[in-house]
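Nothing here was measured: the structure is a model prediction, and the numbers come from that model. Atoms within a ligand are numbered from 1 in the order they appear, just like the ligands themselves.
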Amino acid sequence: MTGYNSNGDVATSNGNHNNSNSNGTNGNSNGHSKPVEYTAQELHTYPYEVIQEIADFIVKRAGIRPKIGIICGSGLGSLADIIQDAKVFEYEKIPNFPVSTVEGHAGKLVVGTLEGANVMAMQGRFHFYEGYPLAKCSMPVRVMKLCGVEYLFATNAAGGINPKFNVGDIMLMHDHVNMLGFAGNSPLQGPNDPRFGPRFPALVNSYNRDLINKAIEIGKTMGIESNIHVGVYSCLGGPTYETIAELKALRMMGVDAVGMSTVHEVITARHCDMKVFAFSLITNKCPIEYSDKKDEEANHEEVMAVAKNRQKACCELVSRLICEIQKGS
Ligand SMILES: O=P(O)(O)O[C@@H]1C[C@H](O)[C@@H](CO)O1
């Protein structure tokens, strides 16, 4: 019999997670081999039932089903502070949830209302460089889906590679280059559960055009149209910031902003048919020429300081876009 233990692992009834024989083939006495059973952890994946349990835990305690899910980027946790009637769940108190380890990511899930919409926001996301497999990094997106979320708003802090971008600008993502995917890594690796989505999801048109256009219009009414761009984001594994040669290569590939997150969340959201809106707050300009200037080196303190300075504009953009979604529903 197969079940799940409290860590979300698939466990066999004798508690033995690895039932392969000494050859590692799991062969039986008549020479036929059965597939080896792996734990969910070994597969870097969470079974549907475990995700459902987490979603039920949240919905039951929050008393509402959120329609919009927000992921707060580095230093952008205040996006969750504007939620009304908030119920706050610390990640460590949510069964089977990972914990945040990065400064600027508080590790709280906030459920409540914003502009009349039921929302849930992650104040703290999970990054590949924290040691979590991508499926674990983006597992909360599936939790959002099973809570009832239809729209994912993903935000991040990023370095501007496009020379026209300035610190404090907002880049609305209209596409991405999945560098971790180029290296053979995906949050969808492992067996596919069709209850979430298809084995081979298409990713063209991943970023909802209508929401991008609405955000551009909102930017105009906020008087920040010259600080709003539409562009391509790329996620590298981190935690190192990029070398000049890497930045040059990314620019040649058409990348406008670089970070260490979001792409795997978007892939997971599109796999389960969520509408996606995502933006990067440009927290630093990436140098693409060699220089000795120390002030051109990215650092996390600067990233968070810029995010803090621009949180008001980011909050307004998000609230007003949610307001637009509400008008249409
Ligand atoms: O979570 P995000 O992508 O906003 O965080 C960025 C990428 C790294 O985690 C960190 C580097 O300063 O900020």
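- Residues A298 and E302 share a closest heavy-atom pair of CA-OE1, 4.4 Å.
- Among all protein heavy atoms, the one lying closest to atom 1 (O) of ligand 1 is H127 NE2, 2.7 Å.
- For the pair R125 and ligand 1, the shortest N or O to N or O distance falls below 3.5 Å.
- For H300 against E103, the heavy-atom pair with the smallest separation is NE2-O, 2.9 Å.
- The residues K214 and E217 are annotated as not salt-bridged, no charged nitrogen and carboxylate oxygen being separated by less than 4.0 angstrom.
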Determine all donor-acceptor pairs shorter than 3.5 Å in which one atom belongs to a side chain in residues 81-95; sequence neighbours excluded.
{"from": "D81", "atom 1": "OD1", "to": "Q123", "atom 2": "NE2", "distance (Å)": "3.0"}
{"from": "Y91", "atom 1": "OH", "to": "G124", "atom 2": "O", "distance (Å)": "2.4"}

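- Considering every non-hydrogen atom in both S100 and F126, the closest pair reads N-CE2, 3.7 Å.
- Residues V258 and Y233 come closest through the heavy atom pair C-CE1, 4.2 Å.
- Protein heavy atom closest to atom 5 (O) of ligand 1, with residue, atom name and distance, is S74 OG, 2.7 Å.
- Between S261 and ligand 1, at least one N/O pair is under 3.5 Å apart.
- Of all protein heavy atoms, the one lying nearest to atom 11 (C) of ligand 1 is Y241 OH, 3.3 Å.
- Atom 9 (O) of ligand 1 has its closest protein heavy atom at Y129 OH, 2.6 Å.
- Using cut-offs of 30° and 60° for the angle between ring planes, the H176 and Y207 rings count as perpendicular.
- Where the criterion is an N or O separation shorter than 3.5 Å, residue side chain and backbone included, G73 fails it with respect to ligand 1.
- The shortest N/O to N/O separation between T155 and ligand 1 does not fall below 3.5 Å.
- Atom numbering of ligand 1 starts at 1 in the shown order; those under 4.0 Å from a heavy atom of N156 are 3 (O), 4 (O).
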